[in-house]
*Asks:* 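This structure is in structure tokens; I'll ask about it shortly.
Computed from a predicted structure; not experimentally measured.
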Amino acid sequence: GDSVTQMEGPVTLSEEACLTINCTYTATGYPSLFWYVQYPGEGLQLLLKATKADDKGSNKGFEATYRKETTSFHLEKGSVQVSDSAVYFCALSDPFEGNQFYFGTGTSLTVIP
Amino acid sequence: KAGVTQTPRYLIKTRGQQVTLSCSPISGHRSVSWYQQTPGQGLQFLFEYFSETQRNKGNFPGRFSGRQFSNSRSEMNVSTLELGDSALYLCASSKTGQGVGNTIYFGEGSWLTVV
């Protein structure tokens, strides 16, 4: 079945450091890939998405590229801020398998000044 | 444009009781799905409704049920509560619930504690 594996946390970085959170997936079809972010006490918010191979999703300085050959969708940011502290979830949705999303376990990021 | 609204935000129930959680989707969205979030299991899919019909269901016992109304609002019910049902219950909505790149938008969740 479909599944997502993402880097274990927690991750602690200093402000302005580079961020990479690894995400790999297993899917039977051609999934769409997503990164969601969850701030303390809140629901998940869409950060970015990509729908086909080699697509790059980007938002708020975050980027992720859909790599079909390595079945990966790593999240990157060149310079993190304290306000980026949150839990990040990689997810996939197979358009031919209904609306069920499969989420990774989440990676907690703390950015210190 | 209002987001997904869930009520109540916080509730405490006793083992054996039942609970009903409510979700109002984004205006114009007809698909509503529910997820359970726990520290140990992460985010797990419960079920999805579209046009008042359950279209997909996750691997949860029959104590977990849901429904959708003609205005797309949805409720989920958990009967005979167990301690392990303590979790954040998240509702998500989307326009059609299908298709390439279909995105789901989450509410802030309902925190359920079972004592």
*Asks:* Check residues 106-113 of chain A and write down every donor-acceptor pair under 3.5 Å in which the side-chain atom is one partner and the other belongs to a residue at least two apart or another chain.
*Replies:*
residue : atom : partner : partner atom : Å
A/T107  : OG1  : A/Q6    : NE2          : 2.9
A/T107  : OG1  : A/M7    : O            : 2.5

*Asks:* Is the number of heavy atoms from other residues, nucleotides or ligands within 6.0 Å of CD (A/E15) greater than 12?
*Replies:* yes
*Asks:* May I ask you to decide if A/F101's main-chain N or O and B/Y35's side chain share a donor-acceptor pair within less than 3.5 Å?
*Replies:* yes
*Asks:* Please tabulate, for the side chains in residues 77-85 of chain B, all donor-acceptor contacts under 3.5 angstrom to protein atoms that are two or more places apart in sequence or on a different chain.
*Replies:*
residue : atom : partner : partner atom : Å
B/N77   : ND2  : B/V19   : O            : 3.2
B/N77   : ND2  : B/T20   : OG1          : 2.9
B/D85   : OD1  : B/R63   : NH2          : 3.1
B/D85   : OD2  : B/R63   : NH1          : 2.8
B/D85   : OD2  : B/R63   : NH2          : 3.3
B/D85   : OD2  : B/E82   : N            : 2.8

*Asks:* Give me the contact list for residues 30-43 of chain A versus chain B, heavy atoms only, anything under 4.5 Å, ordered by residue number.
*Replies:* A/S32, A/F34, A/Y36, A/Q38, A/G41, A/E42, A/G43
*Asks:* Is the number of heavy atoms from other residues, nucleotides or ligands under 6.0 Å of B/N59 CG greater than 12?
*Replies:* no
*Asks:* Examine A/F62 and A/L92 and state if one hydrophobic cluster contains both, with Ile, Leu, Val, Met, Phe, Trp and Tyr joined whenever side-chain heavy atoms are less than 4.5 Å apart.
*Replies:* yes
*Asks:* Under the salt bridge (Lys or Arg N to Asp or Glu O under 4.0 Å) rule, collect the residues that match up with B/E108, sequence neighbours excluded.
*Replies:* B/R9
*Asks:* Of the backbone (N, CA, C, O) and the side chain (C-beta and beyond), which part of A/L46 lies under 4.5 Å from a heavy atom of chain B, both, or neither?
*Replies:* side chain
*Asks:* With a 4.5 angstrom heavy-atom cut-off, could you sort out which part of B/Q37 is near chain A: side chain, backbone, both or neither?
*Replies:* side chain
*Asks:* Are A/F73 and A/L19 connected into the same hydrophobic cluster when the rule is that any two of I, L, V, M, F, W, Y join if their side-chain heavy atoms are below 4.5 Å apart?
*Replies:* yes
*Asks:* Would one find more than 12 heavy atoms of other residues, nucleotides or ligands at under 6.0 Å from atom NZ of A/K52?
*Replies:* no
*Asks:* Apply side chain to side chain contact (heavy atoms under 4.5 Å, CB included) to the pair A/L44 and B/L43, showing each step before the final yes or no.
*Replies:* CA-CA 11 Å; A/L44 279 69; B/L43 278 147; 3.7 Å; yes
*Asks:* Rounded to the nearest 0.5 Å, what separates atom CG in B/N102 from atom OG1 in A/T51?
*Replies:* 11.5 Å
